[in-house]
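Everything numeric in this text was worked out from a predicted model, so none of it was measured.
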Amino acid sequence: LQLERIIKAILSPVSLLVIIFSSAFVMIAIFSGRTASYMNLPTWMNEIAIVAGLLLVLVGFVGYYASVKRIRKWLVIYLYVLIFMFLLMIFAAVGYLKVSGSLEAIIDNDWPAIYENLLTKNYNVSKTIFLEYATVNFKFAGLFGLMYGFFVLIAIVCTIAKIRMLSGY
């Protein structure tokens, strides 16, 4: 009983944190996209992360407002968007982690072109340094996506509890 009351009470601050973490997810995706631009890598993960992050920033405001004003219909919409974005974020995070595992082979195969691309941007780095940089970048993006996905899962649970409260259950 007390846990349910706590979960219902924290939805408003959790919605505000969704906004903050979403903007961080967008920034990480942009940064990873810049790193990927030096190589021949798929960009779908960055695009998914940017779209999901931007939508969650907007939806976070809706969730906050609906929670404070106790608007059940808006909370239901917020819940469905959260669930969809949760799935997209996990998909993108797993993609980042999979790409980070294959970076060594990609960089080994394409190093002359990558190095030339880096030189045009005034970056003179060794293959080892660039490999470490790119690996850390993509692993961080993947791990942040998974961590943020877990946080969105908490927001989903809180939203369900709030909807049930407003429904009289």
May I have the step-by-step check of side chain to side chain contact (heavy atoms under 4.5 Å, CB included) for K127 and D108, ending in yes or no? CA-CA 8 Å; K127 180 166 61 170; D108 280 343; 3.1 Å; yes
Write down the atom of S32, the atom of N137, and the distance for their closest heavy-atom approach. OG-OD1, 2.7 Å
Is it possible for you to say whether I107 and F140 belong to one hydrophobic cluster, with membership spreading through side-chain heavy-atom contacts below 4.5 Å? yes
Using 0.5 Å steps for rounding, measure from the CG atom of L153 to the CD1 atom of I90. 8.5 Å
More than 12 non-hydrogen atoms from neighbouring residues, nucleotides or ligands closer than 6.0 Å to CH2 on W111, yes or no? yes
Co-membership, hydrophobic cluster, residues L143 and Y133, 4.5 Å side-chain: yes
Would a 4.5 Å heavy-atom cut-off, applied to side chains only, mark Y148 and L56 as touching? yes
Look up atom CD1 in I160 and atom CD1 in I83, then write down how far apart they are to the nearest 0.5 Å. 6.0 Å
So do the side chains of M39 and L103 get within less than 4.5 Å of each other, counting heavy atoms only? yes
Check for me, please, whether I77 and V57 land in the same ILVMFWY cluster - side-chain distances under 4.5 Å, paths through other members count. no
Out of curiosity, L79 CG to R72 CZ, how far, rounded to the nearest 0.5 Å? 10.0 Å
In terms of heavy-atom contacts, V26 and I50 come closest through CG2-O, 3.8 Å
Do V81 and V14 belong to the same hydrophobic cluster, where Ile, Leu, Val, Met, Phe, Trp and Tyr are linked whenever their side-chain heavy atoms lie under 4.5 Å apart, directly or via other members? yes
Note: F130 and T35 closest approach over all heavy atoms is CZ-O, 4.4 Å
Check step by step if side-chain hydrogen bond (donor to acceptor under 3.5 Å, both in side chains) holds for Y115 and N124. CA-CA 8 Å; Y115 186 66; N124 187 10; 2.5 Å; yes
Can you check whether V99 reaches L41 side chain to side chain, under 4.5 Å on heavy atoms? yes
Pairs where residues 78-93 contributes a residue and the test side chain to side chain donor-acceptor pair (under 3.5 Å) is met, not counting sequence neighbours: S15-Y78
Without swapping roles, check the side chain of N117 against the backbone of P112 for a donor-acceptor pair under 3.5 Å. no
So with a 6.0 Å cut-off around OH of Y64, is the heavy-atom count from everything else above 12? no
Side chain to side chain, W44 and F91, heavy atoms closer than 4.5 Å: yes
Show the nearest heavy-atom pair for residues L146 and L97, with the distance to one decimal. CD1-CD1, 3.6 Å
Do N46 and Y96 have side-chain atoms, one donor and one acceptor, less than 3.5 Å apart? yes
So L75 and L11, do their side chains get closer than 4.5 Å, heavy atoms only? yes
CD1 of I114 to OH of Y123: how many Å apart, nearest 0.5 Å? 15.5 Å
Side-chain touch T135/E104, heavy atoms, less than 4.5 angstrom: no
Does any non-hydrogen side-chain atom of M85 lie less than 4.5 Å from one of L55? yes
Tell me, yes or no, whether the heavy-atom count around M147 atom CE, taken from other residues, nucleotides or ligands under 6.0 Å, exceeds 12. yes
Find out whether K69 and W74 are in side-chain contact, i.e. whether some heavy atom of one side chain is under 4.5 Å from a heavy atom of the other. no
Got more than 12 heavy atoms from elsewhere within 6.0 Å of CZ, F151? yes
If you look at every heavy atom in S12 and S67, which pair is closest and at what distance? OG-OG, 2.8 Å
List the atom of S100, the atom of F138, and the distance in Å for their closest heavy-atom pair. CB-CB, 3.8 Å
Quick one: pull up CE in M27 and CZ in F144 and give me the separation to the nearest 0.5 Å. 11.5 Å
Following the transitive rule for hydrophobic clusters with a side-chain heavy-atom cut-off under 4.5 Å over Ile, Leu, Val, Met, Phe, Trp and Tyr, establish whether F84 and F25 coincide in one cluster. yes
As an exercise, state the distance from CG of L87 to CG of L82, rounded to the nearest 0.5 Å. 11.0 Å
More than 12 heavy atoms of other residues, nucleotides or ligands under 6.0 Å from OH of Y65: is that the case? no
Crowded around N109 CG? As in, over 12 foreign heavy atoms under 6.0 Å? yes
